[in-house]
Amino acid sequence: MKRTKIAELLNSTSSDERVLIQGWVRTRRDSKGFSFIEVNDGSCLGNIQVIADAALDNYEDLRKLIAGSAIGVTGELVASPGKGQAWEIRASRIDIIGDASESYPLQKKRHTDEFLRTIAHLRPRTNKYGAVFRIRSELSFAIHRFFRDHGFRYIHTPIITGSDCEGAGELFRVTTLDVNDPPKRAGTVDWGADFFGKEANLTVSGQLSAEMLAMALGDVYTFGPTFRAENSNTRRHVAEFWMVEPEMAFCDLECNMAFAQEMIQYLTTYILQECQEDIQLFARFVDKTLISTLSVISQSEYVRLPYEEAVDILNHAPRSFEFEVASGKDLQSEHERYLTEVHFKKPVIVFDYPKTIKPFYMRLNDDDKTVAAMDVLVPRIGEIIGGSQREERLHVLEQRMKDCGVTREDYWWYLDMRRFGSVPHSGFGLGFERMLMMLTGISNIRDVIPFPRTPNSIEF
RNA sequence: UCCUCGGUAGCUCAAUCGGCAGAGCGGGUGGCUGUUAACCACUAGGUUGUAGGUUCGAGUCCUACCCGAGGAGCCA
């Protein structure tokens, strides 16, 4: 007999004489002559209540079931006489598929996130983490659907890269050399003897590759893992995370900003509609203001704020900051939070940053001082998107690389593209986990990815 | 990497001025009951993060280290 998912049964409109469910015991209560077993199979937040009658031939074993055990239940789906659930299953047969030991660490009470991180292999079985990972899946799907509906092509850019200085954080080296005894040449490691014949690293961004595909397919996007070896210890950083990077030909900064807003709003609306039950859990237990926050994000127009105006607002703010606000310096976390949480109380897109604090590939504005960069800042999370219009003019790009100390030889193909039908184009990177934090109200990024990688932590 | 705070039973926490290491939950046993974070009774469970030190006596004070969290920087 084929198993039915619990999500389907809980949404039933009629009873059913014979169903099979398989899942894990969340809790069990005894009554006179029978036992209530609540089972969850991960298909939805809710459990289904199973009535195990004492007449079942393995009833003595069933009475010893504890949370975490895996069982299969065959029985009749009937309207529940009790309060708290519409349907329940009167079991005619219950198979114990996998017993759980009494040391099963998950209890029916609330656990701290810190403790659950130490049992990351089991935490998906809790209500909260089950909900996060279902939303994570739905958000992934929504991203593909959004881009497909907008005529974008999904592309795969390399995970291992030979570009050694893309300007975004520290890199993880990839090598097959014997680290204890590497081949040397003139006293230093001979990378020419390594697998690729030169130094290789894990990618920090698929952008430069994506630009090449955008120059052929028009509108493209990547959605894949990204690696940063930065020694960051914050609730917003992990060493391995997923990033969505659209790249659009014939698109300027204005077009880029409009698209970024449309995308965030589409995704937020999608999750609010498709994951109502799971989102409600976060609205109730994690962040009481979640629904209203997400309404603002999904419906209101985002503030467009030139960098210089942002500095101006901050300088005139009726409060002081720990770090001074000065034109030419990057905005600090506290400044971003003031703009989104206090001053505007909604997402803010800051654009036209000083060229001195941005990488070489961003397009130089006519003022020769700023570049066509933009950051989308949202309340509580801070920067969720970083993007720009790319420099499509060969001579300007060459000059910028020189100014930024980037060696042209490493990017010959990137420059070469500017010789053959170069067009204005733009793109951005959306932090997938940060988007999940925004959608769920979860405050630590380690709790929206199943097995987080952070400095000194690669368990599981 | 820097700053701040924390580490006591499987989990969440308490322990007064330095004076017998406790509770709830979870586990086990028994009872009761269409229950639903069920309830009642009993019971087992501890190298107080690690290593030193001060003291008649250290969970408590001192030193070093380890681990965790929050903030900062870096960024998505």
Side-chain angles (χ1 to χ4, degrees), chain A residues 26-38 46-53 63-64 66-68 78 80-85 88 90 100-119 122 126-127 166-170 204-207 223-245 260 321-323 329-337 357-359 375-378 381-387 428-438 443-449 454-457 459:
Chain A
R26 278 296 177 81
T27 175
R28 192 183 54 76
R29 297 176 290 275
D30 286 328
S31 191
K32 190 183 178 83
F34 56 95
S35 189
F36 297 100
I37 307 173
E38 282 195 43
N47 309 324
I48 196 158
Q49 177 166 282
V50 172
I51 312 300
D53 196 271
R63 268 174 53 92
K64 290 181 185 142
I66 58 173
V78 296
S80 175
K83 286 177 181 164
Q85 64 279 319
E88 64 186 24
R90 291 193 165 276
S101 126
E102 66 199 31
S103 64
Y104 184 66
L106 291 173
Q107 300 176 14
K108 235 179 315 181
K109 67 169 191 172
R110 184 190 174 87
H111 286 291
T112 60
D113 294 322
E114 290 79 8
F115 169 65
L116 291 170
R117 260 169 237 153
T118 68
I119 49 167
L122 295 172
T126 63
N127 287 339
E166 289 175 20
E170 299 290 313
V204 293
S205 165
Q207 179 203 319
F223 180 14
T226 303
F227 308 89
R228 305 276 168 91
E230 203 65 44
N231 187 12
S232 295
N233 288 290
T234 82
R235 58 189 186 82
R236 302 186 308 281
H237 293 86
V238 275
E240 176 184 294
F241 63 99
W242 287 63
M243 190 154 64
V244 181
E245 297 179 284
F321 297 102
E322 191 180 340
F323 295 92
K329 292 173 79 173
D330 218 345
L331 300 181
Q332 307 284 324
S333 291
E334 57 173 340
H335 303 146
E336 297 179 353
R337 294 190 68 155
I357 57 173
K358 291 294 182 184
D375 285 351
V376 179
L377 313 176
V378 295
I381 312 296
E383 184 178 344
I384 196 168
I385 278 179
F428 59 79
L430 167 80
F432 182 65
E433 282 77 16
R434 288 192 182 172
M435 181 82 191
L436 275 168
M437 291 169 73
M438 187 192 87
S443 56
N444 194 311
I445 198 168
R446 287 161 232 184
D447 298 332
V448 298
I449 186 167
T454 52
N456 267 316
S457 171
E459 200 66 48

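So you know, we letter chains A, B, ... as the sequences are listed, proteins then strands, and number each from 1.
- Partners of Glu38(A) under the salt bridge (charged side-chain N to carboxylate O under 4.0 Å, His left out) rule, at least two apart in sequence or in another chain, are Arg29(A).
- Scored by the salt bridge (charged side-chain N to carboxylate O under 4.0 Å, His left out) test, Arg28(A) finds Asp30(A) as partners (sequence neighbours excluded).
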(message) Reading 5' to 3' and counting Watson-Crick or G-U wobble pairs with both distances under 3.5 Å, write the dot-bracket notation for RNA chain B, | for bases paired outside the strand.
(response) (((((((..((((.....[..)))).(((((.......))))).....(((((..]....))))))))))))....
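- Remark: Thr112(A) pairs with no residue by the side-chain hydrogen bond (donor to acceptor under 3.5 Å, both in side chains) rule, at least two apart or across chains.
- A donor-acceptor contact under 3.5 Å is not formed by the side chain of Arg235(A) with the base of rA69(B).
- Applying the side-chain hydrogen bond (donor to acceptor under 3.5 Å, both in side chains) test to Arg236(A) and every residue at least two apart in sequence or in another chain returns nothing.
- Taking atom P on both rA41(B) and rG24(B), the two are 9 Å apart, rounded to the nearest angstrom.
- Among the protein residues, Gln85(A) comes within range of the nucleic acid bases, having at least one heavy atom under 4.0 Å from a base atom.
- For His335(A), the ring pair (Phe, Tyr, Trp, His ring centres under 6.0 Å) test picks out Phe321(A), with sequence neighbours left out.
- Residues that satisfy the salt bridge (charged side-chain N to carboxylate O under 4.0 Å, His left out) test with Lys329(A), not counting sequence neighbours, are Glu324(A).
- Between Arg117(A) and the phosphate of rA69(B), there is a side-chain N or O to OP1/OP2 separation shorter than 4.0 Å.
- OP1 or OP2 of rG73(B) lies within a sub-4.0 Å distance of a side-chain N or O belonging to Ser333(A).
- Take Tyr104(A) and apply the ring pair (Phe, Tyr, Trp, His ring centres under 6.0 Å) test, not counting sequence neighbours, and it matches no residue.
- For rC75(B), its base never sits under 3.5 Å from the side chain of Ser232(A) at any donor and acceptor pair.
- Ring-base stacking between Phe241(A) and rA76(B) is satisfied, the centre separation being under 5.5 Å and the plane angle under 30°.
- With sequence neighbours excluded, the residues satisfying side-chain hydrogen bond (donor to acceptor under 3.5 Å, both in side chains) with Ser80(A) are Gln85(A), Glu88(A).
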Polar atom pairs between nucleotides 3-6 of chain B and protein, under 3.5 Å, N or O only, would you list them?
none

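- Taking the side-chain hydrogen bond (donor to acceptor under 3.5 Å, both in side chains) definition, one finds that Ser333(A) meets it with nothing, sequence neighbours left out.
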Considering only nitrogen or oxygen atoms on both sides, find all protein atoms under 3.5 Å from nucleotides 26-33 of chain B and state each distance.
unit_1  : atom_1 : unit_2    : atom_2 : d
rG26(B) : O4'    : Gln107(A) : OE1    : 3.2
rU33(B) : O2     : Asp30(A)  : O      : 3.4
rU33(B) : N3     : Asp30(A)  : O      : 2.9
rU33(B) : O4     : Ser31(A)  : O      : 3.2

